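One structure below.
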Amino acid sequence: MLPDSMPELLATYRDGLLNDTLPFWIPGAIDRECGGYITSLDRDGTILQTDKPVWFQGRFAWLLATLYNTVERRPQWLELARHGIEFLNKHCFDTDGRMFFSVTREGRPLRKRRYLFSETFATIALAAYGLAAADEAAKRQALDLFRMILRYHTTPELLPAKVNPAVRPMKGLAMSMILMVTAQELRKAVHDPITTKTIDGAIAEIERDFLKPEFRCVLETVGPQGEFYDTFEGRMVCPGHAIEAGWFILEEARVRGGDPRLVRLGTTIIDWSLELGWDEQYGGLFYYRDAKGLPPTEYWHDMKFWWAHNEAIIATLLAWQMTGDAKYARWHQMVHDWSYAHFPDPVYGEWYGYLHRDGTVSTSVKGCMWKGPFHLPRMQWYCWQRLEETRRAAKGANQRESDA
């Protein structure tokens, strides 16, 4: 599939983003009355509820500002990013500096979780917007918010534990990987050593504590020093999460000029996750697997979720770009072809989010508290950019060869 079909693939990702995904959310998700974005939409864009997930206020603002920074300086994208930033600052921060998880349409607080994900996505939104608008105050706010996140993350007593830490102390993969990518995005806007330090620490923690060669997987939950818990939760593997962590590491390798150690680590994670997660009977990625091959308990363990496939499409493309290994081209074709055969809605656009194991649609919802304008458009944007980068490099090489 690669590189012969590169022009076709590039067009698929570029045109899918600009002509299909973005038009589904703009103007449908833009709340001109109360501010921010409404992301709970049915298949045809009908609003299903008006409560607003705070992390999507950050995620969509980040996407819009990033498109402005990297694709085209469209005034609409910058204005809509500002629209989300203003709602975040007006309604989504609690008095302690932390953020809510969900608010009403008007911005009244509904729920605050013990996780720091609203804060991480607000950080990348502020950073990208600060870069786009040349807004130094937004950049400073992003850095200050990131420092607060790190303080909460490294001070256990500040956040309630999921399980009694005196009996079974635990930590999750999610924060390590999210801190890594948050620092990567923040680094684009601010020059502070805390970003690279955080990235290095997150990569080291994933490799040291979550990567389990004896099971050929990356675990979702471990003890404080990487201890393995032989429980349902301790054996849980989410292939999509692990693949996402793998490509974040490959992205860092790319930024650092192809660091071979990071390339090996990232591709190892991706290899093991595809090996464990791919459904040989129906195709697509399982949502959960058990590290020891025992039965998973979550009822959605064998469903196919959109975001995991978005991450696998990115990961396999980036792994091919970084290594040139044909196996990643084959994997990219498999994941791409299965995803594009099952998730896109040919009538109303965008992607369904939730499929049964056999690839049939489970629900027509296009947006909810968990799905919105982030994973799919990020995949389309990122793959478009990487393919364009590869195309330019090949063109330059051909030109040099011709000149010689």
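The structure displayed is predicted, hence computed values, not measured ones.
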Residue pair Phe146, Thr198: steps toward the side chain to side chain contact (heavy atoms under 4.5 Å, CB included) verdict: CA-CA 10 Å; Phe146 188 64; Thr198 300; 3.7 Å; yes
Test applied, ring-ring contact (aromatic ring centres under 6.0 Å, His included); reference residue, Tyr382; option that passes from Trp247, Tyr13, Phe374, Phe248: Trp247
How about [X] and [Y]: do any of their side-chain heavy atoms sit closer than 4.5 Å?
{"X": "Lys292", "Y": "Asp230", "result": "yes"}
{"X": "Gln49", "Y": "Met369", "result": "yes"}
{"X": "Val54", "Y": "Phe117", "result": "no"}
{"X": "His91", "Y": "Lys52", "result": "no"}
{"X": "Leu376", "Y": "Glu350", "result": "yes"}
{"X": "Asp135", "Y": "Ile85", "result": "no"}
{"X": "Ile194", "Y": "Arg147", "result": "yes"}
{"X": "Met148", "Y": "Thr123", "result": "no"}

Under 6.0 Å from the [atom1] atom of [X], do we count more than 12 heavy atoms belonging to anything else shown?
{"X": "Phe215", "atom1": "CZ", "result": "yes"}
{"X": "Glu8", "atom1": "CD", "result": "no"}
{"X": "Phe232", "atom1": "CZ", "result": "no"}

Nearest heavy atoms of [X] and [Y], plus distance in Å:
{"X": "Lys366", "Y": "Lys371", "value": "O-NZ, 2.8 Å"}
{"X": "Ala61", "Y": "Ala125", "value": "CB-CB, 3.9 Å"}
{"X": "Tyr68", "Y": "Pro75", "value": "CE1-N, 4.4 Å"}
{"X": "Arg256", "Y": "Glu252", "value": "NE-OE2, 2.7 Å"}
{"X": "Pro377", "Y": "Leu17", "value": "CB-CD1, 3.7 Å"}
{"X": "Val365", "Y": "Leu48", "value": "CG2-CD1, 3.8 Å"}

Chi angles and distances behind the side-chain hydrogen bond (donor to acceptor under 3.5 Å, both in side chains) call for Glu233, Thr231: CA-CA 5 Å; Glu233 192 167 20; Thr231 64; 5.8 Å; no
Residues in side-chain hydrogen bond (donor to acceptor under 3.5 Å, both in side chains) contact with Arg43, at least two apart in sequence or another chain: Asp345, Tyr352
Would [X] and [Y] pass as an ion pair if we require N to O under 4.0 Å?
{"X": "Glu389", "Y": "Arg386", "result": "yes"}
{"X": "Glu119", "Y": "Lys112", "result": "no"}
{"X": "Glu311", "Y": "Arg378", "result": "yes"}
{"X": "Glu79", "Y": "Arg82", "result": "no"}

Pair Phe343 and Trp351, ring centroids less than 6.0 Å apart: yes
Trp370 ring center within less than 6.0 Å of Trp307 ring center: no
Partners meeting ring pair (Phe, Tyr, Trp, His ring centres under 6.0 Å) with Phe24 (sequence neighbours left out): none
From CA spacing to verdict: side chain to side chain contact (heavy atoms under 4.5 Å, CB included), Tyr152, Arg114: CA-CA 10 Å; Tyr152 271 88; Arg114 61 186 181 82; over 6 Å; no
Matching residue for Phe60 among Leu80, Thr39, Ile26 - test: side-chain contact (heavy atoms from CB on, under 4.5 Å): Ile26
Pi-cation contact, Phe286 with Lys304 (under 6.0 Å, within 45°): yes
Cationic tip of Lys212 above Phe228 ring, under 6.0 Å, 45° of axis: no
Aromatic plane relationship, Tyr288 with Trp300 - under 30° parallel, 30 to 60° tilted, over 60° perpendicular: tilted
Mutual orientation of the aromatic rings belonging to His309 and Trp338 [parallel < 30°, tilted 30-60°, perpendicular > 60°]: parallel
[Y] versus [X], side-chain donor and acceptor atoms under 3.5 Å:
{"X": "Trp381", "Y": "Thr70", "answer": "yes"}
{"X": "Asp20", "Y": "Gln380", "answer": "no"}
{"X": "Asn69", "Y": "Tyr129", "answer": "no"}

From CA spacing to verdict: side chain to side chain contact (heavy atoms under 4.5 Å, CB included), Trp384, Val71: CA-CA 10 Å; Trp384 168 20; Val71 172; 3.4 Å; yes
Donor-acceptor pairs are to be reported for all side-chain atoms of residues 169-180 against protein atoms at under 3.5 Å, with residues two or more places apart or in another chain.
residue, atom, partner, partner atom, Å
Lys171, NZ, Glu205, OE2, 2.7
Lys171, NZ, Asp209, OD2, 2.6
Lys171, NZ, Pro224, O, 3.0
Ser176, OG, Glu205, OE1, 2.6

Working for side chain to side chain contact (heavy atoms under 4.5 Å, CB included), residues Leu116 and Arg98: CA-CA 8 Å; Leu116 295 161; Arg98 286 203 55 220; 3.5 Å; yes
